[in-house]
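A short write-up of the structure that comes next.
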Amino acid sequence: MRIGKDFYQKDVLEIAPLLLGKFLVRRFEDGRLEKRKITEVEAYGGQEDLASHARFGKTLRNKVMWERGGLVYVYFVYGMYWMFNITTGKRGKPQAVLVRSVEGVEGPGRLGKWLALDKSFYGEDLTKSNRIWLEDGELENFKIKKLERVGVAYSGSWAKKKWRFILEK
DNA sequence: GGGACGATTGAA
DNA sequence: TCAATCGTCCCA
């Protein structure tokens, strides 16, 4: 079953670990359907989180973070990679979860490539889209590992927060 | 308008 | 260890 709107409206720190084990589904233009379990995510909070793109306030790139939860936030980095994020929380509170890995595709850059992301995915509604959405996982007892976020050393004490969640086998 | 750099990766 | 590679953001 596709995950509905309500799921995404809670706080990012509550949602991020819940995303582990859920299925990320993608229907490509040629009709091919891929469905993989999410295995690694990172939570990014509001303007107070100095590791978050929201730290400088609303800009053209990050404005979708201020919208309600359940939308796609994609952005381009290092001149070659599209990062896949999911907005969370209520409208007006900038939050997002970076999906770093799914089963068999490790690393946010590789995931973006595998999903064939581009600018057109910006703001896409995961509860309505016919090309990308999330589905419920199986009922299992997962072990979750919490680690520091990657690549955010510039954010001082915020870099020490263990807001990266990994599905343990 | 200019310059520095990034929520990364793969090759040397 | 470092190049690839370019959009975004800060500052002037």
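Chain A is the first sequence line, chain B the second, and so forth, proteins listed ahead of strands; every chain is numbered from 1. Here the structure is a predicted model, which means the values were calculated and not measured.
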Just list the side-chain donor-acceptor pairs under 3.5 Å for residues 136-144 of chain A, sequence neighbours left out, or say none.
unit_1, atom_1, unit_2, atom_2, d
A:Glu140, OE2, A:Lys37, NZ, 3.4

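Looking at residues 83-92 of chain A, you'll see A:Met83, A:Asn85 sit with a heavy atom under 4.0 Å from some atom of DNA chain B.
Within a 6.0 Å sphere centred on NZ of A:Lys63, heavy atoms belonging to other residues, nucleotides or ligands number 12 at most. More than 12 heavy atoms of other shown residues, nucleotides or ligands fall within 6.0 angstrom of atom NZ in A:Lys22.
Ring pair A:His53/A:Tyr75 is perpendicular by interplanar angle, where above 60° counts as perpendicular and below 30° as parallel.
Between A:Val105 and A:Thr39, the closest side-chain pair of non-hydrogen atoms is not below 4.5 Å. Between A:Ile166 and A:Arg164, some side-chain heavy-atom pair lies under the 4.5 Å cut-off.
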Secondary-structure notation, DNA chain C, from Watson-Crick and G-U pairs under 3.5 angstrom (| other strand): ||||.||||||.
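Between the CE atom of A:Met65 and the P atom of C:dT8 there is a distance of 15 Å, given to the nearest Å. With rounding to whole Å, A:Lys58 atom NZ is found 13 Å from C:dC9 atom P.
A side-chain donor from one of A:Arg131 and A:Ser120 sits under 3.5 Å from a side-chain acceptor of the other. Side-chain polar atoms of A:Ser101 and A:Glu106 form no donor-acceptor pair below 3.5 angstrom. Remark: the A:Thr88 side chain and the A:Gln95 side chain contain an N/O donor-acceptor pair separated by less than 3.5 Å.
Mapping heavy-atom proximity under 4.0 Å, the span of DNA chain B touched by chain A runs 5' to 3' from B:dG6 to B:dG10.
Among the candidates A:Phe121, A:Phe76, A:Trp114, the single residue satisfying the ring-ring contact (aromatic ring centres under 6.0 Å, His included) test with A:Trp82 is A:Phe76.
Within the structure, a side-chain polar atom (N or O) of A:Thr59 is placed less than 4.0 Å from OP1 or OP2 of C:dC9.
By the side chain to side chain donor-acceptor pair (under 3.5 Å) test, A:Lys58 is found to be paired with no residue, residues two or more places apart in sequence or in another chain being considered.
Not one N or O on the side chain of A:Tyr122 forms a donor-acceptor pair closer than 3.5 Å with the backbone of A:Tyr73.
The heavy-atom pair separating A:Val77 from A:Met83 by the smallest distance is CG2-CE, 3.6 Å.
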Between N or O atoms, less than 3.5 Å apart, protein on one side and nucleotides 4-7 of chain C on the other: list the pairs.
unit_1, atom_1, unit_2, atom_2, d
C:dT5, O2, A:Tyr78, O, 2.5

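Counting non-hydrogen atoms under 4.0 angstrom, A:Arg61 reaches the backbone sugars and phosphates but no base.
Look at the P atom in both B:dG2 and C:dT5: the space between them is 23 Å, to the nearest Å.
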